[in-house]
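These notes concern the structure reproduced below.
The analysis underlying the following values was restricted to heavy atoms, covering all of them including side chains, and did not include hydrogens, waters or symmetry mates. Note that the coordinates shown come from a computational prediction; the quantities given were computed from them, not determined experimentally.
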There are 2 protein chains.
Amino acid sequence: MQKTATVYDVAAHAGVSIATVSRVFRRPDDVRASTREHVLASVRALGYVPSASARGLAARRTGVLGLYFPDFDAVEDVDDTDFAYSPRVDVVVDIPDSGDVRRPNLYFDEVLRGSELQAWRDGFTLMVGVGRGSNPIEMVSDIAGRVDGLALLAHSVPDDVLEHVSRRIPIVLIAGERRGDDFDHVTVANAEGMHALGRHVIDDLGVRDPVFVSGPRDTPDDRERYGGFCQALAESGIDPGSLPVFHGDFSRERGRAIAGEILAAGPPPRALMCSNDQTALGIIDVLTARGVRVPEETIVTGFDGIEEGRLSTPRLTTVQQPMVDLGRAAMWVMRSRLEDLAQPPIALRLPVKLLLRESSEGSSPSRSQ
Amino acid sequence: MQKTATVYDVAAHAGVSIATVSRVFRRPDDVRASTREHVLASVRALGYVPSASARGLAARRTGVLGLYFPDFDAVEDVDDTDFAYSPRVDVVVDIPDSGDVRRPNLYFDEVLRGSELQAWRDGFTLMVGVGRGSNPIEMVSDIAGRVDGLALLAHSVPDDVLEHVSRRIPIVLIAGERRGDDFDHVTVANAEGMHALGRHVIDDLGVRDPVFVSGPRDTPDDRERYGGFCQALAESGIDPGSLPVFHGDFSRERGRAIAGEILAAGPPPRALMCSNDQTALGIIDVLTARGVRVPEETIVTGFDGIEEGRLSTPRLTTVQQPMVDLGRAAMWVMRSRLEDLAQPPIALRLPVKLLLRESSEGSSPSRSQ
DNA sequence: AACCGAAGTGTATGCGCATACACTCGCCGG
DNA sequence: CCGGCGAGTGTATGCGCATACACTTCGGTT
């Protein structure tokens with residue numbers, strides 16, 4: 001790691017000008033093959049790697065796209081210890097149900113995966129930021145200075161920050177409907193999905209008084225889902241206002257608590273339609289433990305399509321969001337925006353998939369494999 | 001998104017020099033409070049966000065750390081369609097066991113999570129690259145030009161590329177023992193973990209002829225694990241050479257195939273110790289399906305500690321790797337390296353945790369709730 | 001034989017910032 | 001009353017590259 005090589009070093013070593021060196025990387029075809037080989041030999045000899053900072057400055061674009069998410073994982077508060085410990089082995093007799101604390105945030109992982117995939121496909125590099133307790137404003141500004149465009153989860157950052165940052169680079173909001181702003185948006189068909197699920201429960205399963213279990217108030221996702229639910233009811237002549245609604249917060253823990261409340265209040269309702277999977281799983285946890293059979297006595301449905309819902313007993317009927325596609329779409333929109341800054345705001349709504357499984361269907365095939 | 005504001009614009013607007021503007025961001029305390037407020041007002045007025053490219057160039061450091069992983073997910077080959085479709089809802093009757101194809105790569109997600117966490121803690125931004133089919137060499141070089149240091153999975157990139165890139169920035173290798181190189185390394189206690197598990201199976205469970213199911217040949221992780229296994233045998237006076245070994249590839253599918261082979265060959269062995277969880281889960285899939293009771297007839301163990309192993313039936317006895325810590329440690333080592341480039345190579349080995357669960361323990365509590 | 005264009009290469013400049021250094025100003029001690 | 005000093009600010013420079021433009025060859029035209 002002596003002195004880092006620069007274009008000048010390579011140019012001198014190869015006996016050409018720096019323009020030629022630069023061209024070898026940027027537009028190889030503009031350089032005669034023999035010269036190119038010659039330069040590349042020098043590149044190898046000197047261990048030259050072009051500086052993205054310099055390139056970004058000169059070219060006025062970085063080739064990087066940003067992805068910012070708030071940290072809704074209750075971030076396992078990792079201790080700050082140094083990594084000075086030795087390779088030891090702790091033995092733990094692991095009792096069942098020792099908590100579902102790990103990996104709550106599949107959502108972000110999936111979106112990240114999709115973003116990463118699409119960004120590279122489009123020739124960009126991805127920079128990620130997950131808002132820790134630390135000041136999200138600084139974080140977003142920091143990222144904003146490094147990228148050509150930034151995608152972030154809607155409502156994860158104050159509007160004025162968005163406005164500020166958007167004077168420099170394009171912004172794409174993930175999972176939030178347009179709301180008077182001119183940003184680009186990428187969402188899933190929340191309303192349509194919950195509506196379809198509602199129709200299924202009402203029409204196919206014959207439940208005329210399903211109970212809705214919401215997520216945190218004022219999240220747009222939750223609001224839309226509830227809207228779809230109400231629409232399905234209305235279409236069947238049922239007044240949504242006549243049915244009780246429980247308010248969760250998208251956590252499994254809260255789902256359990258809600259199930260407790262419900263059971264305490266009397267016989268469980270015929271169907272519980274939850275605004276997300278975690279809540280539904282928490283409810284199933286408690287219902288099952290208290291001897292309420294799902295779905296025979298109570299049907300439970302979720303929304304999201306997380307992995308746990310496929311591994312639970314019974315497996316969870318849900319609406320699967322295309323989370324990977326959400327990330328992909330965000331990057332795709334970003335690219336499109338960068339190619340034409342003047343085009344009108346883009347708003348994408350991705351399709352969802354209704355997964356009918358045993359938490360709602362009577363014929364529960366055994367989960368043996 | 002008119003003309004992006006620069007230091008010059010802010011300086012002019014605030015009636016100060018660009019040095020003062022720069023200082024407001026870099027060393028706020030060097031600027032009189034009143035001046036600072038004044039400048040910040042201009043910053044807000046102009047929507048100024050400092051350019052990381054320019055800063056990186058001038059300061060000779062980017063403040064970004066890189067993380068590169070190859071793509072061992074068989075990348076679900078996402079189609080290349082544009083996102084022009086409408087919000088529709090597909091209904092799918094989801095039959096059980098419709099595959100475990102999703103999310104195979106928890107390993108990377110966890111490492112990423114830890115890396116991201118630690119990087120921000122240390123004041124760095126994280127840039128991720130997942131090697132798609134596309135040329136990993138280009139990808140690594142690309143990232144290398146953008147960051148102050150790069151962590152990558154060992155053996156994911158040819159040695160000469162590493163050597164080349166390392167002339168520019170420090171490299172940290174994840175999950176691979178040092179091997180004659182001078183790079184920094186971060187690993188887990190593979191050998192110790194498998195050794196402890198081996199001792200448990202031999203001593204506590206009284207199995208004197210456990211069968212090892214390996215991973216892909218020549219991965220260092222697998223090699224170390226097998227080494228720990230052999231050592232445990234040797235300590236009990238058992239000759240490892242006398243026992244059969246099956247060769248897997250860390251995939252669940254292959255685990256299933258191996259189970260098939262084993263059953264075809266005769267009565268199943270008393271214990272199967274697998275080099276990773278996926279393989280073990282695949283084996284359990286088939287054993288269970290064919291009526292072999294786990295663990296009563298055959299004990300099965302894994303290695304990794306992935307989530308599925310906690311949700312399977314029976315739950316999987318395994319050695320849990322500290323995957324999040326692996327990422328954290330990589331970033332931590334990187335920071336340490338950057339603070340003192342001359343210090344001797346660092347090699348960290350993180351402790352593991354032996355999780356004793358029902359795939360090896362007789363007393364299998366029911367998996368209810 | 002003078003001319004022309006294409007292909008290949010070099011020269012010069014600026015991208016936006018950090019920072020070394022110079023400078024100013026007010027205050028203190030001698 | 002002068003010298004010195006520290007706090008605060010400005011000036012000048014260079015970081016490493018992309019790229020517009022100028023220049024040189026050289027083969028083919030007329």
Side-chain angles (χ1 to χ4, degrees), chain A residues 2-40 42-43 46-64 141-142 144-148 167-169, chain B residues 2-40 42-43 46-64 141-142 144-148 167-169:
Chain A
Q2 44 283 15
K3 174 83 177 52
T4 337
T6 72
V7 257
Y8 297 100
D9 301 321
V10 175
H13 188 277
V16 299
S17 76
I18 64 160
T20 299
V21 176
S22 177
R23 277 191 278 259
V24 165
F25 285 91
R26 296 304 128 231
R27 324 184 46 172
D29 293 342
D30 285 7
V31 178
R32 186 181 311 166
S34 60
T35 319
R36 198 191 314 139
E37 290 312 319
H38 203 185
V39 170
L40 286 177
S42 298
V43 166
L46 298 177
Y48 170 68
V49 177
S51 151
S53 292
R55 180 187 310 170
L57 186 56
R60 265 162 286 257
R61 25 172 281 115
T62 64
V64 182
S141 305
D142 182 304
R146 304 176 181 281
V147 301
D148 293 335
R167 309 231 340 231
R168 173 178 240 271
I169 51 169
Chain B
Q2 44 284 17
K3 173 85 177 51
T4 351
T6 72
V7 258
Y8 297 101
D9 302 321
V10 176
H13 189 277
V16 298
S17 77
I18 64 161
T20 299
V21 176
S22 177
R23 276 190 279 257
V24 165
F25 284 91
R26 295 305 128 231
R27 325 183 45 173
D29 294 342
D30 284 7
V31 178
R32 186 181 313 167
S34 60
T35 320
R36 198 190 315 138
E37 289 313 318
H38 203 186
V39 170
L40 286 177
S42 299
V43 165
L46 298 176
Y48 170 68
V49 177
S51 153
S53 292
R55 179 187 310 171
L57 186 56
R60 264 161 285 256
R61 24 172 282 115
T62 63
V64 181
S141 305
D142 183 304
R146 302 175 183 279
V147 301
D148 292 334
R167 309 234 335 234
R168 180 188 176 87
I169 50 169

Quickly work out the Asp9(B) CG to dG16(C) C1' distance and round it to whole Å. 10 Å
Students often get this wrong, so: under 4.0 angstrom with heavy atoms, is Ser53(A) touching a base, only sugar-phosphate, or nothing? nothing
Assign Val31(A) to base, sugar-phosphate, or nothing according to its heavy-atom contacts below 4.0 angstrom with the strands shown. sugar-phosphate
Determine the contact category for Tyr48(A): base if any of its heavy atoms lies under 4.0 Å from a base atom, sugar-phosphate if only primed atoms, P, OP1 or OP2 are that close, otherwise nothing. sugar-phosphate
Please find the pair of heavy atoms, one from Asp148(A) and one from Thr62(A), that lie closest to each other, and give the distance. OD1-N, 2.8 Å
Which pairs, protein N/O on one side and nucleotides 12-15 of chain C N/O on the other, fall under 3.5 Å?
| unit_1 | atom_1 | unit_2 | atom_2 | d |
| --- | --- | --- | --- | --- |
| dC15(C) | O2 | Ala58(A) | N | 3.3 |

For Ser51(B) and dG16(C), is the shortest distance between a side-chain N/O and OP1 or OP2 below 4.0 Å? no
For Val49(B), does its backbone N or O pair with a side-chain atom of Arg168(A) as donor and acceptor, under 3.5 Å? yes
Atom CG of Asp30(A) and atom C1' of dC21(D) are separated, to the nearest Å, by 15 Å
Rounded to the Å, how far apart are Arg26(A) CZ and dA20(D) P? 15 Å
Assess whether side chain to side chain contact (heavy atoms under 4.5 Å, CB included) is satisfied between Val31(A) and Val39(A), documenting all intermediate values. CA-CA 10 Å; Val31(A) 178; Val39(A) 170; 5.9 Å; no
Ignoring hydrogens, what is the shortest heavy-atom contact between Thr4(B) and Asp9(B)? Give both atom names and the distance. O-OD2, 3.8 Å
Between dT19(D) (C1') and Phe25(A) (CZ): distance, integer Å: 17 Å
So if I take every side-chain heavy atom of Val7(A) and compare against dC17(D), dG10(D), dA18(D), which nucleotide ends up nearest? dC17(D)
Can you tell me the distance, in whole Å, between the CZ atom of Arg27(A) and the P atom of dA7(C)? 13 Å
What about Arg23(B), does its side chain sit under 3.5 Å from the base of dG10(D) through a donor-acceptor pair? yes
Mind running side chain to side chain contact (heavy atoms under 4.5 Å, CB included) on Tyr48(A) and Val7(A) for me, showing each step along the way? CA-CA 8 Å; Tyr48(A) 170 68; Val7(A) 257; 3.6 Å; yes
Under 4.0 Å between a side-chain N/O of Ser22(B) and OP1 or OP2 of dA18(C), yes or no? yes
Given Thr35(B) and Thr20(B), is the side chain to side chain contact (heavy atoms under 4.5 Å, CB included) satisfied, shown in steps? CA-CA 9 Å; Thr35(B) 320; Thr20(B) 299; 4.0 Å; yes
Nearest-neighbour nucleotide for the Arg32(B) side chain, dG8(D), dT9(C), dC17(C) considered: dG8(D)
Looking only at heavy atoms, what is the nearest atom pair of Ala52(A) and Arg146(B), with distance? CB-CG, 3.3 Å
